[in-house]
Amino acid sequence: MRLKDKVAIITGAGSGIGAASAILFAREGAKVVVADYNLKGAEDTVKKIKEQKGQAIAVKVDITKEPEIQNMVDQTVKAFGTVDILVNNAGSNEFVPFPVLQEADVAKIMDVNFMGAFRCVKAVLPFMTEKMYGKIINVTSVMSVIAGKGQNAYNASKGALKMLTQGMAYDLGCYGINVNAVGPGMVRTTLTKQLFANPDRVKWFEEKIPLGRLGDPEDIAPAILFLASDESKYMTGQTIFVDGGMLATR
Ligand SMILES: NC(=O)c1ccc[n+]([C@@H]2O[C@H](COP(=O)([O-])OP(=O)(O)OC[C@H]3O[C@@H](n4cnc5c(N)ncnc54)[C@H](O)[C@@H]3O)[C@@H](O)[C@H]2O)c1
C-alpha cells in the first residue's frame, strides 16, 4: 500500500500506460481520478479498479481546454477532498515528415503534450503548495532525447516537457513538490497500434532493444508508481527511461 489514501489524478488513463498506472495506483491504496477525453475508456478503467475493490472515479477532460481541466480538479476535490499526485500522461502523436510539416501540426501536438501538462500543473498547484506536498510525474518518451523520423513536433513536445520537468523541479522544490518524468521506449498501446501493425517495423525495433521485445503498459507503470510514492522523496527533476535498454544503444 505505497500510496495509501493518496489522491491521484492520471490524465489519459482511459487506455494504455495511463490505464495500467491507474490500476496499479489503486492497488497500492490510492484514490484515483481516471481522466480522459475518451470517457468510455475512463469508465472501463474505473470498472477494472472497482472489480479489485479499489477507489476511482472517471472524469471526462480535454487537456487542451482550461475550463475542462478546472472541472477535473473540482470533481477530484468533491470526491476525494484534495490532490496529492498528478500524472501528466495524456499525449498524442502524428507522423509528418518535416518538408510537409505545417505550423498548425506543431501547435496541435504541443497543445496536448506540452501545454496540456502545463495547464494541469497550474490547476492542481494551489492544493500542493498549500500543504507543502505534491508529486508530479510527466510521461515523456525516449523521443525527448533522440529523434524519430517524421516526429519533429512530437520530439519537440517531449523534449520541452523534459525540460519543464527540470524547471518545475527547481521552482517547486521549496514547496515540498517533487517533479519527475518517466520516458517510455516502444510500448504496445493504441498510440502505436498502427506503427506496430507492420511486423517488419516490430522486428526493426526489437533489434534495437537489448531486452529484445516491445514494452507493455504494465512495464512502464511501476516506474510511475515509484515516482508517485515517498520511496523517491529525494528525487526531483529526473527522467527514468523505461525502454528495454533502447537508449543504451545510441
Ligand atoms: N506507446 C509508446 O510507445 C509510448 C512511448 C513513449 C511515450 N509514450 C507516451 O505515453 C503516454 C500515454 O500514451 P499511450 O502509449 O498509453 O497511448 P494511448 O493512446 O493508449 O493513451 C493515451 C490516452 O490519452 C488520451 N488523450 C489524448 N489526448 C487527450 C486530450 N487532449 N485530453 C485528454 N486525454 C487525451 C487518449 O484518449 C488516450 O486514452 C503519452 O504521453 C505518450 O506520448 C508512449
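Both ligands and their constituent atoms are indexed starting at 1 by order of listing. Values reported hereafter were calculated over all heavy atoms of this structure, with side chains retained and with hydrogens, waters and symmetry mates removed. A quick note: this is a predicted structure, and the numbers were derived from the prediction, not measured.
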Novice: What are the atoms of ligand 1, with element, lying closer than 4.0 Å to any heavy atom of A90?
Specialist: 24 (O), 26 (N), 34 (N), 35 (C), 41 (O)

Novice: Check ligand 1 against T190 and write out every atom of the ligand that is under 4.0 Å from a heavy-atom position of the residue.
Specialist: 19 (O), 20 (O)

Novice: List the closest protein heavy-atom neighbour of atom 19 (O) of ligand 1: residue, atom name, distance to the nearest 0.1 Å.
Specialist: L191 N, 3.4 Å

Novice: Just heavy atoms, cut-off under 4.0 Å: does N93 contact ligand 1 by side chain, backbone, both, or neither?
Specialist: neither

Novice: Work out whether the distance between some heavy atom of T140 and some atom of ligand 1 is less than 4.0 Å.
Specialist: yes

Novice: Below 4.0 angstrom from a heavy atom of Y154, which ligand 1 atoms are there? Numbered from 1 as shown, please.
Specialist: 6 (C), 7 (C), 8 (N), 9 (C), 42 (C), 43 (O)

Novice: Which of the atoms of ligand 1 are close to M186, meaning less than 4.0 Å from one of its heavy atoms?
Specialist: 3 (O)

Novice: Nearest protein heavy atom to atom 41 (O) of ligand 1, by residue and atom, and its distance?
Specialist: N89 O, 2.7 Å

Novice: Counting both backbone and side chain atoms, is some N or O of F196 under 3.5 Å from an N or O of ligand 1?
Specialist: no

Novice: Specify the protein heavy atom at minimum distance from atom 20 (O) of ligand 1: its residue, its atom name, and the distance to 0.1 Å.
Specialist: S15 OG, 2.6 Å

Novice: Purely on distance, is any nitrogen or oxygen of T189 under 3.5 Å from one on ligand 1?
Specialist: yes

Novice: Is I17 close to ligand 1, meaning an N/O of one under 3.5 Å from an N/O of the other?
Specialist: yes

Novice: Under 4.0 Å from a heavy atom of G16: which atoms of ligand 1 are those, numbered in the order shown and with their elements?
Specialist: 16 (O), 20 (O)

Novice: Just jot down the ligand 1 atoms closer than 4.0 angstrom to any heavy atom of I63, in number order.
Specialist: 30 (C), 31 (N), 32 (N), 33 (C)

Novice: Please could you name the atoms of ligand 1 that V61 approaches to less than 4.0 Å, counting only its heavy atoms?
Specialist: 32 (N), 33 (C)

Novice: Would you mind running through ligand 1 and noting each atom that sits below 4.0 Å from a heavy atom of G91?
Specialist: 24 (O), 27 (C), 40 (C), 41 (O)

Novice: Verify, without hydrogens or angle tests, whether D84 (side chain) and V7 (backbone) share a donor-acceptor contact under 3.5 angstrom.
Specialist: yes

Novice: Sequence neighbours left out, cut at 3.5 Å: what donor-acceptor pairs do the side chains of residues 45-53 make with other protein atoms?
Specialist:
| residue | atom | partner | partner atom | Å |
| --- | --- | --- | --- | --- |
| T45 | OG1 | A13 | O | 2.8 |
| T45 | OG1 | G41 | O | 3.1 |
| Q52 | OE1 | R27 | NE | 3.3 |

Novice: Answer with side chain, backbone, both or neither: which part of R188 has a heavy atom less than 4.0 angstrom from an atom of ligand 1?
Specialist: neither

Novice: Which residue and non-hydrogen atom of the protein lie closest to atom 37 (O) of ligand 1, and at what distance in Å?
Specialist: D36 OD1, 2.6 Å

Novice: Can the ring centroids of F205 and F196 be said to lie less than 6.0 angstrom from one another?
Specialist: yes

Novice: Report yes or no: does D62 contribute a side-chain atom to a donor-acceptor pair with the main-chain N or O of T64 at less than 3.5 Å?
Specialist: yes

Novice: With only distance considered, is S92 within less than 3.5 Å of ligand 1 through an N or O on each side?
Specialist: no

Novice: Around atom 31 (N) of ligand 1, find the nearest protein heavy atom and jot down its residue, atom name and distance.
Specialist: D62 OD1, 3.0 Å

Novice: Closer than 3.5 angstrom, by distance alone: can the side chain of R2 be matched with the main-chain N or O of L225 as a donor-acceptor pair?
Specialist: no

Novice: Decide whether the shortest distance between a heavy atom of A42 and an atom of ligand 1 is less than 4.0 Å.
Specialist: no

Novice: At under 4.0 Å between heavy atoms, is it the side chain or the backbone of T192 that contacts ligand 1, or both, or neither?
Specialist: side chain

